[in-house]
Amino acid sequence: MKTFNYLRATDVDVALQRIAVEPGARFLGGGTNLVDLMREGIEAPETLIDITRLPLDGIEELPDGGLRIGALVRNSDLAAHPVVRGRYPFLSQAILLGATGQIRNMATVGGNLLQRTRCLYFYDEASACNKREPGAGCAAREGFNRGNAVLGTSDACVATHPSDMAVALAAIDAVVEVRSSRGTRHIPLTEFHLLPGTTPHLESQLESDELITAVELPPLPVAAHSYYRKVRDRASYAFALVSVAAALDFGADGRIADVRLALGGVATKPWRARTAEQLLLGAAASEDSFATAAAAELAAAVPLPGNAFKIDLACRTVVAVLRRLTTERSGS
Amino acid sequence: MTTVEAGVAGGVGTSPKRPDGGLKVRGEFAFSSDLWADDMLWGATLRSPHPHARIRGIDITAAVALPGVYAVLTHEDVPGAKRYGLEIVDQPVLAMGEVKYQGEPVAVVAADHPETARRAAARIVVDYEVLPAVTEASLGVLLRHVPIRTGDPDATADVVVTGEYQVGMQDQAFLGPESGLAVPAEDGGVDLYIATQWLHVDQKQVADCLGLPAEKVRLTLAGVGGAFGAREDLSMQVHASLLALHTGRPVKMVYGREESFFGHVHRHPATMWYEHGATRDGKLVYVKAKIVLDGGAYASSSTAVAANAATLGIGPYEVPNVVMDASVYYTNNPPCGAMRGFGAVQACFAYESQMDKLASALGLDPVEVRLRNAMTTGSRMPTGQIVEGPAPVADLLIRVRSAPPAPEGSGDLREMPGGVSNTTHGEGVVRGIGYGIGIKNVAFSEGFDDYATARVRLELIGGEPAVLVHTAAAEVGQGLVTVQAQIARTELGVERVTVATADTSVGSAGSSSASRQTYMTGGAVRAACQAVRAALLARVGGARLDGGKVLSDSGAVIADLASVIGDGPIEETVEWRHRPTYPLDPVTGQGNAHVQYAFAAHRATVDVDVELGLVRVVEIVTAQDVGKAVNPLAVEGQIHGGTAQGLGLALMEEIQMVDGIVRNPSFTDYLIPTILDMPPMKVDVLEMADPHSPYGLRGVGEPPTISSTPAVVAAVRAATGKALTRVPVRPEHIVG
């Protein structure tokens with residue numbers, strides 16, 4: 001690990017001023033990902049600004065029925081929050097299906113959004129990786145790519161976005177609040193992460209001098225009937241092969257009146273499945289309509305030899321979770 | 001004379017509390033990675049990034065220049081033998097002109113801080129000329145071929161089933177990475193504190209490489225965090241000793257998790273072709289098999305692995321005609337060697353898959369077809385060896401079959417495929433049941449001079465009789481320290497037993513592997529206790545010991561045990577051997593190669609979400625003959641742990657190799673079962689005494705690993721109808 005300076009920030013403005021003049025600095029939240037990457041030599045910030053003492057750890061109900069979540073709220077606390085469990089159950093589930101209890105107790109909301117891929121080639125410094133070293137190439141394409149993405153990929157990068165939480169947030173249309181000494185911005189979560197394109201090292205809209213201060217959830221009645229479903233190789237502590245965040249509601253005519261769908265484990269960013277949503281909206285709830293919508297969403301998928309199975313598995317998972325939501329709604 | 005003391009607490013057949021148990025649960029046990037000397041340096045290793053390359057030059061200038069660096073050593077600094085090896089001396093201490101696998105050590109560094117040592121290693125410039133790598137066993141250089149021929153090679157049968165099966169590269173995945181502390185001694189030698197499986201085989205190899213006589217290389221066992229075969233070969237033993245001797249300072253080396261994946265051998269990947277011929281009523285007529293094992297870059301224990309695969313390769317069945325060829329090849333993959341059940345694990349997946357296929361072809365129940373062919377005492381192995389001890393193959397099968405069926409799920413998500421991952425809530429779930437039975441040899445085979453040494457001292461401490469047991473046998477977590485004390489209590493009737501730390505100041509105990517240590521070191525401790533007892537009785541002309549008294553033939557009390565020992569302590573050292581084994585004929589594979597066979601059977605019940613390809617093993621029932629459960633709780637622990645390792649191989653564990661490069665060297669990417677993946681188990685322990693072994697016991701550690709894998713896969717096949725010819729089985733193999 002490279003040596004680094006360590007500072008502890010006690011005031012947001014001071015932290016922002018500091019990072020504005022020190023572009024090589026990084027904010028340190030729970031450290032569950034950044035410290036790992038520093039140990040591996042993948043990240044080497046000159047300065048760490050510890051922000052864990054900043055007053056950004058509150059969860060506040062908004063007058064419109066939404067929720068404002070401080071960037072430093074620990075994953076475990078967010079998952080356990082009664083409003084989250086009641087109004088956005090798939091968010092709570094997504095968090096609880098990520099990582100381990102120990103990691104969730106440390107990891108923060110803001111940090112989760114900036115979590116970097118677990119692509120095996122990103123972690124192997126001996127391998128070519130455009131994300132780690134722009135222009136170096138992508139060894140994953142020709143290598144063991146079972147865990148890599150099929151959606152949103154480019155010639156330069158097929159790394160999967162690893163977050164579970166962000167998949168649910170994408171379905172919710174959460175908004176990320178970021179601050180810098182230049183001011184405050186609000187970025188829809190679905191636009192917060194960038195597709196790799198030719199610049200896979202650029203992963204989000206966050207500028208180097210900006211700090212995520214909060215995530216806001218809009219009121220979303222459909223989310224009360226939601227599931228996060230995760231398909232993985234073992235029962236706990238494994239990244240998703242495929243995950244689906246889904247919410248579904250029906251109108252008086254029995255047709256789908258509202259739907260939210262997002263995919264994890266298969267895409268280079270938390271993948272809002274808008275194509276599928278559009279096909280489902282107003283459709284009758286049936287195996288056929290679910291399968292058609294899933295297939296349409298995955299039609300853009302570009303498989304590699306090791307991960308082609310994910311296309312079918314993703315379709316199956318979407319159908320299964322929509323079926324379950326339908327069964328529960330008609331049963332209630 | 002086998003006058004065993006009855007009535008003493010904590011003897012053979014009981015489960016006394018193990019001394020390391022509480023410490024480990026509380027996180028207070030001192031593992032080898034916790035070793036410390038105040039003035040020690042830290043070692044680090046530079047490893048090859050290439051699976052095959054010529055080394056044109058090594059420039060250590062920049063590494064040596066780093067402040068805090070005390071030594072940078074290459075192969076030129078190895079004073080003695082430049083190579084070592086368990087069976088074949090072929091592995092360089094540090095690479096000489098060529099590297100043959102990714103992770104091969106090239107240079108070692110000692111520095112005053114571990115980070116400094118790592119940075120110095122990174123500054124070493126190695127000029128590599130990358131060479132083509134052989135990464136397919138079938139394209140490699142033959143290391144050993146073991147043929148077995150019995151009966152008519154051209155036998156024909158009514159019903160024939162064939163299949164090709166593959167086993168991926170499994171890792172032992174012990175939790176305590178390779179680590180140790182080498183301390184230079186005033187006599188020019190070195191004292192090495194090390195987590196290993198066999199102190200004396202380490203001692204010999206280290207001494208040879210250092211160019212020192214064995215007595216100047218003294219090893220003491222440090223706290224071992226699991227082994228499973230991965231500590232049979234040397235890792236950092238010579239490196240740390242070299243650095244200590246060069247710097248005159250104690251040197252500690254601890255591998256990180258990633259480095260550990262490169263620091264030890266793995267289970268041999270295997271490709272296996274089988275043809276089973278049977279009569280219409282399900283009696284096997286012949287088996288033809290070809291097993292190809294990837295041995296990796298260096299021999300390690302490959303020759304023994306191939307022999308096991310061959311000699312045990314048709315399973316615990318009577319087959320009159322066998323054509324078996326097991327071969328292991330050198331490649332540029334990581335060296336493969338010992339791992340729990342070696343050779344037998346791979347073959348069992350193939351032959352048990354074949355038995356299921358045969359049952360299906362015959363329209364028979366899978367257990368029934370096994371019962372019709374089950375070997376028994378007196379059966380003849382394909383090597384010609386007669387199975388002399390109990391071979392309750394049919395009994396084990398019937399026991400697991402007759403256990404009550406696994407309970408239906410309670411609806412708790414944790415019991416469903418995908419578990420808490422919130423996948424199926426019961427819909428699309430299909431239950432399947434599968435069986436497996438396996439056979440394993442116990443202890444070393446093929447004429448190896450297999451022995452263990454024990455020193456036992458009976459003395460008075462504070463006026464009370466006390467026993468000191470001293471062996472070099474490695475406690476690797478299996479409970480051997482406890483077992484040695486139990487045996488001494490039983491043999492000498494003395495409760496107060498101390499087991500000294502294992503070191504090389506007593507003779508070799510052989511390895512804690514091949515399910516042999518309770519048999520071998522247990523046998524040696526028992527024999528040494530018997531010698532002590534004989535000397536004790538001789539002192540006063542007694543006939544036996546009972547309740548702390550020496551009795552005459554007629555049962556009259558001659559003396560108090562304490563008063564007899566009061567004349568001076570009694571100490572005996574015994575070197576104990578099992579019955580001899582013999583080499584295999586190199587052409588026919590005939591020979592009494594093994595000393596004891598052990599058997600276990602498994603029944604696995606799985607629920608499969610056939611829509612998403614997820615498996616939940618809901619119950620495992622197992623029956624195993626252990627001859628004598630010397631420590632019933634430890635026996636159960638071995639069976640639980642071994643079964644879990646077999647489940648891991650069935651469903652998730654595999655080192656991913658791409659062109660000779662390990663792609664998942666971490667516990668984030670190499671998955672092993674968690675507690676949520678392991679089902680409740682029913683364990684049925686049989687005690688059918690082997691007349692040739694101490695207390696009739698039979699090695700316990702390996703059999704549970706062998707048959708759990710095929711049982712789990714058979715259950716998944718039953719639920720899905722898929723062929724599943726390769727392990728581990730992944731979701732895509734089920735839905736694909």
Side-chain angles (χ1 to χ4, degrees), chain A residues 1-3 36 39-41 89-90 93-94 96-97 99-100 118-121 123-127 139-140 142-147 162 164 227-244 306-310 312-317 319-321 323-324 327-328, chain B residues 48-50 102 115 118-119 122 256 258 413-428 609-617 647-648 651-654 656-659 661-669 671-678 728 730-736:
Chain A
M1 188 190 281
K2 197 169 147 254
T3 52
D36 209 17
R39 281 209 190 104
E40 298 281 339
F90 60 174
Q93 293 164 9
L96 292 175
L97 295 185
T100 63
R118 189 69 203 179
C119 175
L120 301 174
Y121 296 86
Y123 265 82
D124 174 21
E125 284 192 281
S127 293
E142 307 296 323
F144 179 69
N145 43 39
R146 179 171 180 268
D164 291 297
Y227 268 114
Y228 187 77
R229 182 173 285 220
K230 182 170 180 179
V231 179
R232 49 183 164 176
D233 284 317
R234 69 178 170 192
S236 177
Y237 194 31
F239 288 100
L241 293 170
V242 171
S243 69
V244 174
N307 68 8
F309 73 95
K310 284 187 172 184
D312 177 48
L313 193 59
C315 290
R316 288 165 175 262
T317 311
V319 171
V321 73
R323 185 196 304 132
R324 170 138 205 97
T327 310
E328 285 189 357
Chain B
S48 167
H50 307 295
Q102 183 211 13
E115 185 61 26
R118 281 192 285 272
R119 287 182 193 182
E258 178 176 349
L413 262 191
R414 286 171 299 186
E415 296 174 4
M416 300 201 184
V420 293
S421 304
N422 195 28
T423 47
T424 178
H425 288 227
E427 66 277 12
D609 175 347
V610 294
E611 186 171 22
L612 302 182
L614 296 169
V615 176
R616 168 66 180 160
V617 183
L647 181 153
L651 296 176
M652 61 188 82
E653 293 191 40
E654 183 175 9
Q656 298 293 344
M657 299 300 309
V658 179
D659 300 331
I661 302 287
V662 176
R663 280 295 157 209
N664 56 342
S666 78
F667 281 167
T668 302
D669 305 306
L671 302 187
I672 57 177
T674 70
I675 191 67
L676 290 174
D677 300 285
M678 266 306 285
R730 309 272 195 187
E732 59 264 40
H733 306 136
I734 293 170
V735 299

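The figures that follow rest on heavy atoms only: side chains count, while hydrogens, waters and symmetry mates do not. Please read all numbers here as calculations on a predicted model, not as lab measurements.
- A distance of 4.0 Å separates CG of B:Asp669 from CZ of A:Arg118, quoted to the nearest 0.5 Å.
- Looking at A:Leu241, the atoms closer than 4.5 Å to chain B (heavy atoms on both sides) all sit in the side chain, from C-beta outward.
- Panel note: side chain A:Asp233, backbone B:Met652; no donor-acceptor pair is recorded below 3.5 Å.
- Both the backbone and the side chain of B:Leu671 have a heavy atom closer than 4.5 Å to some heavy atom of chain A.
- The backbone N or O of B:Thr424 sits nowhere less than 3.5 Å from a side-chain atom of A:Arg324 that would complete a donor-acceptor pair.
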Item to check | Residue pair B:Glu732, A:Arg146: steps toward the salt bridge (charged side-chain N to carboxylate O under 4.0 Å, His left out) verdict | outcome: CA-CA 10 Å; B:Glu732 59 264 40; A:Arg146 179 171 180 268; 2.5 Å; yes

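- Shown here are the side chain to side chain contact (heavy atoms under 4.5 Å, CB included) partners of A:Glu40, two or more places apart in sequence or in another chain: A:Ile42, A:Tyr123, B:Glu258.
- The two atoms that bring A:Thr317 and B:Leu612 nearest to each other are OG1-CD2, 3.4 Å, heavy atoms only.
- Ranking A:Ala320, A:Ser243, A:Ala308 against chain B, the residue ahead of the rest is A:Ala320, based on heavy-atom pairs under 4.5 Å.
- Contacts of A:Thr3 with chain B are made by both backbone and side-chain atoms, with heavy-atom separations under 4.5 Å.
- Taking chain B as the reference chain and counting heavy-atom pairs below 4.5 Å, the highest number among A:Glu142, A:Arg316, A:Lys230 is found for A:Arg316.
- B:Glu115 touches chain A through its side chain: at least one heavy atom from C-beta onward sits under 4.5 Å away, while N, CA, C and O do not.
- Every residue two or more places apart in sequence or in another chain that forms a ring-ring contact (aromatic ring centres under 6.0 Å, His included) with A:Tyr227 is listed here: B:His425.
- Between atom CG of residue A:Leu96 and atom CG of residue B:Asn422 there is a gap of 10.0 Å, rounded to the nearest 0.5 Å.
- Contact of B:Ile672 with chain A is made through backbone and side chain together, with heavy-atom distances under 4.5 Å.
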Item to check | From CA spacing to verdict: side chain to side chain contact (heavy atoms under 4.5 Å, CB included), B:Val658, A:Tyr121 | outcome: CA-CA 12 Å; B:Val658 179; A:Tyr121 296 86; 4.2 Å; yes

